[in-house]
Protein chains: 2
Amino acid sequence: MSDARVTSLDVARLAGVSQSAVSRVFSGASASAATIKKVRAAADRLGYRPNSLARAMITGKSRMIGLVVAYLDNQFYPLAIERMSAALQARGYHILLIMAGNSTEGIESVMQDLMTYQVDGIVTASVAISSDLTERCAAMGIPLVMFNRGQDGAGLSSITSANVEGGRKVAEFLIAGGHERIAHIAGWQGASTGRDRMRGFLEGMAAAGREPLAVIDGMYHREPAIEATHALMERSDPPDAIFVGNDHMAFAVLDTLRGALGLSVPGDVSVVGYDDVPMAAWESYDLTTLRQPVNRMVEATVETLLGQIEDPARLPQKIEIAGSLILRGSARIPEGWDIT
Amino acid sequence: MSDARVTSLDVARLAGVSQSAVSRVFSGASASAATIKKVRAAADRLGYRPNSLARAMITGKSRMIGLVVAYLDNQFYPLAIERMSAALQARGYHILLIMAGNSTEGIESVMQDLMTYQVDGIVTASVAISSDLTERCAAMGIPLVMFNRGQDGAGLSSITSANVEGGRKVAEFLIAGGHERIAHIAGWQGASTGRDRMRGFLEGMAAAGREPLAVIDGMYHREPAIEATHALMERSDPPDAIFVGNDHMAFAVLDTLRGALGLSVPGDVSVVGYDDVPMAAWESYDLTTLRQPVNRMVEATVETLLGQIEDPARLPQKIEIAGSLILRGSARIPEGWDIT
DNA sequence: CTTCGGATTGCATACGTTTTCATCAACGCT
DNA sequence: AGCGTTGATGAAAACGTATGCAATCCGAAG
């Protein structure tokens with residue numbers, strides 16, 4: 001009914017109590033049963049809800065979390081956002097979403113923006129930030145955790161899957177499958193995930209005395225991955241297996257192998273991805289891939305972040321979550337492996 | 001350096017001016033060149049940035065937009081979010097993101113939450129809301145625009161593609177292609193988009209004196225669409241064309257036809273989708289589909305919303321944006337159509 | 001009946017900004 | 001020189017809430 005915004009003072013007047021009483025009822029402080037009843041009744045009648053911004057001013061806690069995401073092409077991120085949002089909402093937090101592209105200077109200003117909104121914490125997903133910025137966060141007492149990307153600086157938390165181990169598992173799997181010429185279309189080498197997966201892969205190969213046929217940076221994008229596939233298959237000694245740095249690129253590789261090149265998978269080439277996004281299970285792709293456990297990663301992210309918010313003295317953590325290889329139809333399966 | 005939060009008063013003291021002067025410099029009000037210089041210098045030294053929440057309290061404008069999204073499985077929504085975020089950021093707005101699932105009572109409370117954060121406006125994407133709630137928004141003077149979903153209530157804005165017309169176009173296309181038994185796996189009939197596309201489709205069929213072989217509600221989800229595909233193809237008179245209510249379901253239909261059923265597309269069955277998400281252009285699917293122009297829809301959404309924010313007297317609008325049929329390989333193309 | 005203690009309550013202040021208002025200096029014009 | 005005009009500036013109020021502090025109330029214990 002009322003056009004104007006209704007404040008705690010309006011409620012107080014209608015209920016015949018002081019403004020502080022109203023505040024106490026809604027902030028859960030102690031109040032007599034009688035007041036609570038009167039206040040609730042008046043509030044319901046006026047449709048009153050406390051102003052979160054005013055509340056944030058006084059308490060110093062906005063209950064908002066800044067979420068900085070580079071892009072959403074890769075299905076992994078929408079999924080992660082969905083889960084993260086649910087987890088945070090369940091704990092009474094809200095998400096201030098920022099899309100950052102991948103320009104470093106853009107990030108800088110955007111993060112500053114976030115801070116002016118007094119967010120209680122920041123999650124960056126697949127985004128690299130300058131150490132200057134992390135220090136600034138630390139100085140302002142804003143906890144920061146990097147999701148799915150590590151960084152060397154000491155003072156910050158990160159949650160990733162066990163990328164090195166994952167890369168190694170893939171190498172072992174492909175070697176066990178009897179592949180002779182194994183290539184790698186790597187994740188973007190500017191990101192720790194891409195580098196770590198590659199490192200693990202190379203270690204796994206080396207441990208068996210093997211070397212990759214070739215390694216090409218696919219930049220985590222579709223087009224470069226397609227080009228890389230062509231480049232690999234045009235060689236005189238084309239690979240009989242390709243490990244691709246993430247599922248998003250692996251789909252492009254599969255499309256190219258089967259479509260433009262008319263090859264059979266896994267008959268001519270085995271393909272293994274990384275992530276296990278839902279689409280990897282779709283019949284058209286049926287992609288063998290190393291699963292990143294989104295749920296557990298999100299859970300850890302939220303836990304770490306809120307932990308640091310509630311207890312600022314808590315030290316930053318770097319958590320790695322192990323994932324397992326999901327066997328599907330895009331890669332030859334070694335004897336006996338499917339029983340595992 | 002400083003652990004504490006730095007306020008305009010700190011800057012004022014360092015610059016040797018009053019707090020109001022600092023405020024004026026940062027809010028763009030008039031000030032002498034001398035003061036501006038002093039204030040800027042002091043602010044830079046302290047790393048001062050105005051507190052957006054305090055600013056919001058006083059101006060009554062938080063420069064935050066609430067974005068309520070049901071789910072992100074369908075690639076159309078991540079894409080839309082990405083665009084919308086960019087457009088809003090460019091105009092100095094920020095996004096408060098809420099995931100709402102599809103439970104009606106969940107929406108209710110979540111929207112209330114949004115309002116306590118004093119958002120300047122709300123965009124709902126693919127979400128239905130009670131008329132009670134729209135009234136409450138109106139009463140609080142919070143503009144609301146529904147993205148990709150219409151609703152009959154008079155007082156609210158919505159941006160959709162021209163769904164009826166789109167459905168009709170698909171019908172005409174499939175009829176022109178000489179298909180004899182045309183079926184429809186419809187979008188969720190609880191949503192206006194699903195109903196409108198179906199209505200247009202039926203109108204188009206009727207205009208040619210035809211009737212659909214069958215119509216099944218696919219709920220906009222993958223599983224129901226797969227079941228519907230099986231149900232259709234098990235008939236004694238299976239369809240030779242299927243119009244699917246959106247791309248997300250169409251991918252499931254294609255997977256099922258080609259995979260489990262071993263059929264050829266478009267040899268045995270033509271398939272047409274709706275949305276034209278990027279994935280529709282991928283080689284594996286190569287889906288003929290009716291394009292929803294995301295960019296223009298987002299542009300219109302932002303325009304409408306900000307228009308209403310700046311001028312509250314502006315009337316709500318229902319905007320429909322026409323899309324065109326994108327011809328690809330999943331449906332037989334009528335003689336001469338590809339030249340269009 | 002008095003006194004003590006704990007639970008409630010109201011008053012006033014604080015949070016960090018924008019904005020109105022009055023003051024003041026400077027300046028051009030008659 | 002006097003006067004009005006303009007532009008800059010500081011003091012103070014306001015936004016809507018939480019909370020420390022003092023006052024008050026109530027019942028129970030003595």
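Lettering of chains follows the sequences in order, A, B, ..., and the numbering in each one begins at 1.
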(request) To the nearest Å, give me how far apart CD1 (B/I58) and C1' (D/dT17) are. (result) 14 Å
(request) Could you check which of D/dA12, D/dG16, C/dT17 has an atom nearest any side-chain atom of B/M57? (result) D/dG16
(message) Taking 4.0 Å as the cut-off, does a side-chain nitrogen or oxygen of B/Y48 come that near to OP1 or OP2 on C/dT17?
(response) yes
(message) Quick check for you: among C/dT19, C/dT17, C/dT9, whose closest atom lies nearest to any side-chain atom of B/T59?
(response) C/dT19
(request) Using whole Å, report how far CG of A/L53 lies from P of D/dA18. (result) 12 Å
(message) Measure CD/A/Q118 against P/D/dA18 and give the value in whole Å, please.
(response) 17 Å
(message) Checking the side chain of B/R63 only, and the main-chain atoms of B/G92 only, is there a donor and an acceptor separated by less than 3.5 Å?
(response) yes
(request) Just call it for A/S20: base, sugar-phosphate, or nothing, with non-hydrogen atoms closer than 4.0 Å on any strand. (result) base
(request) Nearest whole angstrom, please: distance from the P of D/dC15 to the NZ of B/K61. (result) 16 Å
(message) Taking A/D132 first and then A/R136, would you say they form a salt bridge - that is, a charged N and a carboxylate O separated by under 4.0 Å?
(response) yes
(request) Just compare C/dG10, C/dT17, C/dA12 and give me whichever is closest to any side-chain atom of A/Q19. (result) C/dA12
(request) Starting at atom NZ of B/K38, determine the distance to atom C1' of D/dA8, rounded to an integer number of angstrom. (result) 11 Å
(message) Taking B/G150's backbone N and O only, do any of them form a donor-acceptor pair with B/S158's side chain (distance below 3.5 Å, no angle check)?
(response) no
(message) Does B/S30 reach a base, just sugar-phosphate, or nothing at all? Heavy atoms under 4.0 Å.
(response) sugar-phosphate
(message) Looking at A/E303 and A/R296, is any side-chain nitrogen of the basic one under 4.0 Å from a carboxylate oxygen of the acidic one?
(response) no
(message) Please tell me if B/S27 has a side-chain N or O lying less than 4.0 Å from either OP1 or OP2 of C/dT19.
(response) no
(message) Among C/dT8, D/dG10, C/dT17, which nucleotide has an atom closest to any side-chain atom of A/S32?
(response) C/dT8
(request) Indicate, with a heavy-atom threshold strictly under 4.0 Å, whether B/S23 touches base, sugar-phosphate, or nothing. (result) base
(message) Output the rounded distance in Å from CZ (A/F26) to C1' (D/dG16).
(response) 14 Å
(request) For A/N51 and C/dC15, give me the distance from atom CG to atom C1', rounded to whole Å. (result) 13 Å
(message) Using whole Å, what does the distance between atom C1' of nucleotide D/dT17 and atom OH of B/Y117 come to?
(response) 14 Å
(request) Pick base, sugar-phosphate or nothing for A/V22, based on heavy-atom distances below 4.0 Å to the nucleic acid. (result) nothing
(message) So, taking the atom named CG in B/L306 and the one named CZ in B/R314, what distance separates them when rounded to the nearest 0.5 Å?
(response) 9.5 Å
(request) Would you please confirm or rule out a distance under 4.0 Å between OP1 or OP2 of C/dG10 and any side-chain N or O of A/S18? (result) yes
